[in-house]
Amino acid sequence: MSVVLQGSVRQGRLILDIDVVVGDEIVAISGVNGIGKTTFLRVLAGLLPLNAGILQVNGTVFDDVDSQIFVPAHLRNVGMVFQDNVLLPFLSALDNVAYPMMATGVGRQQAQQLAIDAMGQHGIGHLAQMKPTQLSGGQQQRVALVRSLISKPQLVLLDEPLSALDVDARREVRSWLRDQLKSLPGTKFIVTHDLVDIAELCDREIAFVQPQSLSNETQTTIVR
Amino acid sequence: MSTKERRVGAETPPFVWIGALFALLFLLLPLVGLLKRVAWSGIFGSVTSGPASEALRLSLITSVFATMIALVLGLPLAWVLARIEFRGRSMVRALVMLPMVLPPVVGGVALLGAYGKSNGLIGGWLFDVFGLQLTFSPLGVVIAEAFVALPFLVMAVESGLRSIDPRFEESAATMGLGPSERFWKVTLRLLAPSLIAGVAVAWARALGEFGATITFAGNIEGRTQTTPLAVYLLLESDPEAAYALSFVLLAVCVAVLVAMRGSWMGRRS
């Protein structure tokens with residue numbers, strides 16, 4: 001079980017130059033704002049194709065520019081939490097959690113039952129029938145987290161998953177998240193600025209760094 | 001309007017108030033005049049008999065078909081304009097919007113140039129191969145109405161598509177929904193308010209079409225004489241029916257405006 005990503009991607013002014021090999025572990029992604037952490041997650045998720053190089057997850061080639069291979073996001077079985085916990089606004093919290101399972105062929109009733117169980121386990125069962133707009137930022141974040149993990153993804157991508165929580169909730173959700181992530185095989189990436197998150201959740205840290213910019217037009221971020 | 005919001009240096013001068021008042025009167029007075037002339041007691045009889053009822057029936061059918069054409073063709077076009085970057089996109093958009101500003105009569109003449117049976121670009125071919133004659137036929141009415149209504153739908157739907165946060169669709173992709181599933185279950189769902197507004201305004205526009213219809217499809221009672229054409233003719237022979245029909249069109253337009261309040265003309269414009 002591993003992620004091999006060797007290549008580069010350009011988005012706007014930013015060029016990400018990446019060379020990482022990660023095993024079956026929980027990896028913290030850190031670095032200043034605008035350095036390309038979210039872009040990195042988008043490459044792994046299949047929302048952004050590489051401009052050069054190769055991405056391999058658990059032995060499957062997801063992206064290979066030279067051989068023109070690109071596996072789109074919906075076929076990658078990833079669990080992703082976006083920075084602003086994008087829940088589908090027209091679905092209840094419960095249906096949001098059930099949706100990824102339904103997309104992979106689980107029947108509606110079974111998916112809803114599993115979603116109810118998962119939400120209950122996480123202590124947010126009472127939010128099941130609420131619409132995303134009725135939830136606070138922290139509650140949305142919890143729902144988004146449960147949703148991202150429920151279909152047992154082979155790759156977990158969390159973009160600042162605890163940022164909207166207050167201190168107490170953060171501690172509680174962090175320990176729940178640690179149990180969840182430890183019990184799940186595969187590689188997990190967590191973008192976070194929080195040193196406690198890095199210390200308590202993650203096995204290792206990848207720091208994004210920006211060398212002295214060589215040109216005004218582009219900014220290169222090196223990931224090793 | 002409230003005086004609480006008035007700031008020093010941005011006070012409203014008196015002549016602006018007066019101008020605004022007159023503008024409002026200018027718009028409302030004809031409507032009051034129309035309502036005053038409607039013979040309320042006989043209105044039901046006026047619109048359910050003779051050429052008036054024929055015209056209403058024809059208008060209803062043709063405008064619905066025209067709206068369906070506008071929807072089926074307009075949604076893909078709006079998608080391309082909103083989401084695909086290509087050279088000359090702004091020029092294509094300007095061309096699409098052209099029928100909105102073009103005098104409808106010119107639109108009708110242009111339609112003759114394209115679909116006219118004897119000397120239109122493809123009119124002769126349509127007739128020879130499919131036996132289709134668009135000019136002076138109900139189908140021609142539908143084509144004329146769709147031609148004028150389509151840009152309204154494209155405009156509403158394009159702005160709707162632009163206002164959708166792409167991350168909803170990306171998030172759906174990471175949840176395992178393929179491209180067509182995302183279109184039906186996520187994009188279309190988020191687009192629904194704009195789509196409804198676009199359909200409503202396109203339908204209202206098709207219902208009121210006059211110039212292109214009379215030029216391209218003619219004014220044959222029971223075949224191509226739609227409600228606006230009937231209103232124009234009845235004004236001479238049966239003014240009571242003309243006013244009654246006018247009121248029906250007015251009521252429909254008010255209903256459409258109320259239904260789409262805020263979704264198209266308000267917040268997003």
Side-chain angles (χ1 to χ4, degrees), chain A residues 38-39 41-49 62 70-91 95-106 108 111 115 131-132 140 143-159 189, chain B residues 71 75-76 78-80 82-87 89-90 153 156-200 259-264 266-269:
Chain A
T38 298
T39 303
L41 293 191
R42 290 169 59 82
V43 168
L44 290 165
L47 299 171
L48 192 64
F62 275 179
F70 180 73
V71 178
H74 66 280
L75 302 175
R76 289 193 183 186
N77 186 22
V78 296
M80 187 160 182
V81 168
F82 287 68
Q83 207 165 357
D84 299 306
N85 347 286
V86 194
L87 300 176
L88 294 175
F90 48 82
L91 294 178
D95 285 330
N96 261 290
V97 175
Y99 228 51
M101 289 183 289
M102 283 157 66
T104 52
V106 180
R108 187 187 166 81
K131 284 279 165 69
Q140 288 184 36
V143 175
L145 267 173
V146 174
R147 180 175 76 176
S148 71
L149 299 175
I150 197 154
S151 52
K152 306 264 178 274
Q154 62 169 330
L155 191 58
V156 176
L157 309 166
L158 309 177
D159 201 346
F189 291 97
Chain B
L71 180 62
L75 182 57
W79 182 289
V80 169
R83 299 213 157 163
I84 297 170
E85 285 193 32
F86 56 93
R87 269 168 63 101
R89 175 163 68 168
S90 54
L153 189 120
V157 174
E158 192 198 341
S159 85
L161 278 168
R162 284 178 182 282
S163 68
I164 292 178
D165 187 336
R167 289 177 315 164
F168 287 123
E169 287 150 310
E170 291 176 349
S171 153
T174 65
M175 281 155 58
L177 276 75
S180 54
E181 267 182 309
R182 290 201 296 275
F183 175 77
W184 292 109
K185 291 182 178 169
V186 180
T187 316
L188 223 46
R189 187 67 189 263
L190 293 167
L191 193 61
S194 308
L195 211 53
I196 290 166
V199 163
M260 54 185 271
R261 181 179 32 136
S263 66
W264 188 60
R267 289 189 297 270
R268 267 178 219 154
S269 65

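Computed from a predicted structure; not experimentally measured. Reminder, nothing fancy here: chain letters follow the sequence lines and each chain counts from 1.
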So what's closer than 4.5 Å to chain B heavy atoms on A:L87: side chain, backbone, both or neither? backbone
Distance check, rounded to the nearest 0.5 Å: B:L190 atom CG versus A:L88 atom CG? 7.0 Å
Determine the option with the most heavy-atom pairs under 4.5 angstrom with chain B, choosing from A:P89, A:G46, A:S151. A:P89
Distance col, row A:M102:CE vs B:K185:NZ, nearest 0.5 angstrom, shows 6.5 Å
To the nearest 0.5 Å, atom CE of A:M80 lies from atom CE of B:M175 at 13.0 Å
Spacing of OH belonging to A:Y99 relative to CG belonging to B:L177, to within rounding of 0.5 Å: 5.5 Å
Taking all non-hydrogen atoms of both residues, which atom of B:T174 and which atom of A:A45 are closest, and how far apart? CG2-CB, 4.2 Å
Approximate separation, where rounding is to 0.5 Å, of B:R167 CZ and A:L47 CG: 11.5 Å
For B:S171 and A:R147, does a side-chain donor sit closer than 3.5 Å to a side-chain acceptor? yes
Where does A:N77 contact chain B at under 4.5 Å (heavy atoms): side chain, backbone, both or neither? neither
For A:F90, is it the side chain, the backbone, both or neither that has a heavy atom under 4.5 Å from a heavy atom of chain B? both
For the candidates A:L91, A:D84, A:L75, which exhibits the highest count of non-hydrogen atom pairs separated by less than 4.5 Å from chain B? A:D84
